[in-house]
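Right, one structure below, let's go through it.
Atoms within each ligand, like the ligands themselves, are counted from 1 in listed order. No hydrogens, no waters, no symmetry mates; every other heavy atom, side chains included, goes into these values.
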Amino acid sequence: MKKIIITLDGYSSCGKSTLARQLARELNYIFVDSGAMYRAITLYFLRNHVDLGNDAEVKQALTEINLDFEYNDASGASDILLNDENVEAMIRDMLVSEHVSEVAANRYVRDFGVAQQQKLGQKKGIVMDGRDIGTTVFPHAELKIFVTADPAVRVERRFKEMYERNPNITIEEVTHNLEMRDYMDSNREFSPLRKAEDAIVLDNSNLTKEEQLATALQWAKEKIGQ
Ligand code: DC
């Protein structure tokens, strides 16, 4: 059966990863959360005090980073490994969230991330979510989905997710972080977040997870030719 590349892009916390994971499971495709890759790079930079203003330091640090994915039976998805260490939980912390957009805007980090993502998609049969997947990483992907949701809905979803891990988190902190990342991700110089011209918009503000999956699955099946 024909294998395709499916890209899901959009703002922070609009449910891209959940949909991408479900879609990959239904189609028996590989799922890649590209945001997790930028988060793991950010964690490495924070731990090693890499100065983003120093190109040589950034380039050197990137040569020391090895990213991999490992299937997690409990969650039914892949965890990210940073130099063989499972950092899946740690990369979701607020500290990483506060710095990731700045790190992801760096041109060397972007070149590194994009090259790794393109390699993962060589054999197709992949669903990847992020910000620039349909525009820069896989501009020729067969199905591109641009996911959106009302900002208030996104804040609520993110808050719930973070509250489970940190009950001290406030709505204000979450709102501020989302607004800041949306702004930085959309206004950076290299690969800013924008909808690819040939992407289909999926607004899931009023859709259940089942409804959005059914919609996306229908689009995928049309492209695959089933
Ligand atoms: O999807 P996420 O919120 O986990 O992504 C974390 C950050 O990584 C996001 O604020 C911007 C960056 N990112 C990116 O620049 N390009 C991607 N393809 C994916 C994420």
message = Looking only at distances, can you tell me whether any N or O atom of Y38, backbone or side chain, sits closer than 3.5 Å to an N or O atom of ligand 1?
response = no

query = Do ligand 1 and R110 have nitrogen or oxygen atoms that lie under 3.5 Å from each other?
reply = yes

Y44 atom OH, over 12 foreign heavy atoms within 6.0 Å = yes

task = For residues L193 and R188, report the shortest heavy-atom separation together with the two atoms involved.
result = N-NH2, 4.5 Å

ask   = Does CD belonging to E164 count more than 12 external heavy atoms closer than 6.0 Å?
value = no

Ligand 1 N/O within reach of R181 N/O, cut-off under 3.5 Å = yes

ask   = Measuring from the heavy atoms of M184, does anything fall under 4.0 Å of ligand 1?
value = no

inquiry  = Using a strict threshold of under 4.0 Å (side-chain N to carboxylate O), is an ion pair present between D9 and R194?
reply    = no

Atom pair CZ (R131) and CG (D182), whose distance is rounded to the nearest 0.5 Å = 7.5 Å

key: Close-contact set for ligand 1 against I133 heavy atoms, below 4.0 Å   = 18 (N)

ask   = Does D185, backbone or side chain, put an N or O under 3.5 Å from an N or O of ligand 1?
value = yes

query = To the nearest 0.1 Å, how far is atom 19 (C) of ligand 1 from its closest protein heavy atom, and which atom is that?
reply = S34 OG, 3.3 Å

key: Minimum non-hydrogen distance to atom 5 (O) of ligand 1, winning option of R131, Q117, M128, R158   = R131

remark   = Judged by heavy atoms only, the candidate from V32, T42, V100 nearest atom 7 (C) of ligand 1 is V100

Lys/Arg-Asp/Glu bridge criterion (N-O < 4.0 Å) met for E161, R157 = no

query = Counting distance only, does the side-chain N/O of H49 pair as donor-acceptor with the main-chain N or O of F45 below 3.5 Å?
reply = no

key: Short N-O contact, R47 and E85, less than 4.0 angstrom   = yes

key: Distance filter under 4.0 Å to S101 heavy atoms, resulting ligand 1 atoms   = 10 (O)

message = Residue-level breakdown please: for R39 versus ligand 1, do any non-hydrogen atoms fall below 4.0 Å on the side chain, on the backbone, on both, or on neither?
response = side chain

For A104, the ligand 1 atoms whose distance to one of its heavy atoms is below 4.0 Å = 12 (C), 15 (O)

query = Ion pair present between K2 and E142, side-chain N to carboxylate O less than 4.0 angstrom?
reply = no

ask   = Can you find an N or O of D132 that's nearer than 3.5 Å to an N or O of ligand 1?
value = yes

ask   = Does R188 reach ligand 1, in the sense of a heavy atom lying below 4.0 Å from it?
value = yes

ask   = Of S97, G130, G35, which has the heavy atom at the shortest distance from atom 20 (C) of ligand 1?
value = G35

task = Could you list all the side chain to side chain donor-acceptor pair (under 3.5 Å) pairs where at least one residue sits in residues 24-34, not counting sequence neighbours?
result = D33-R92

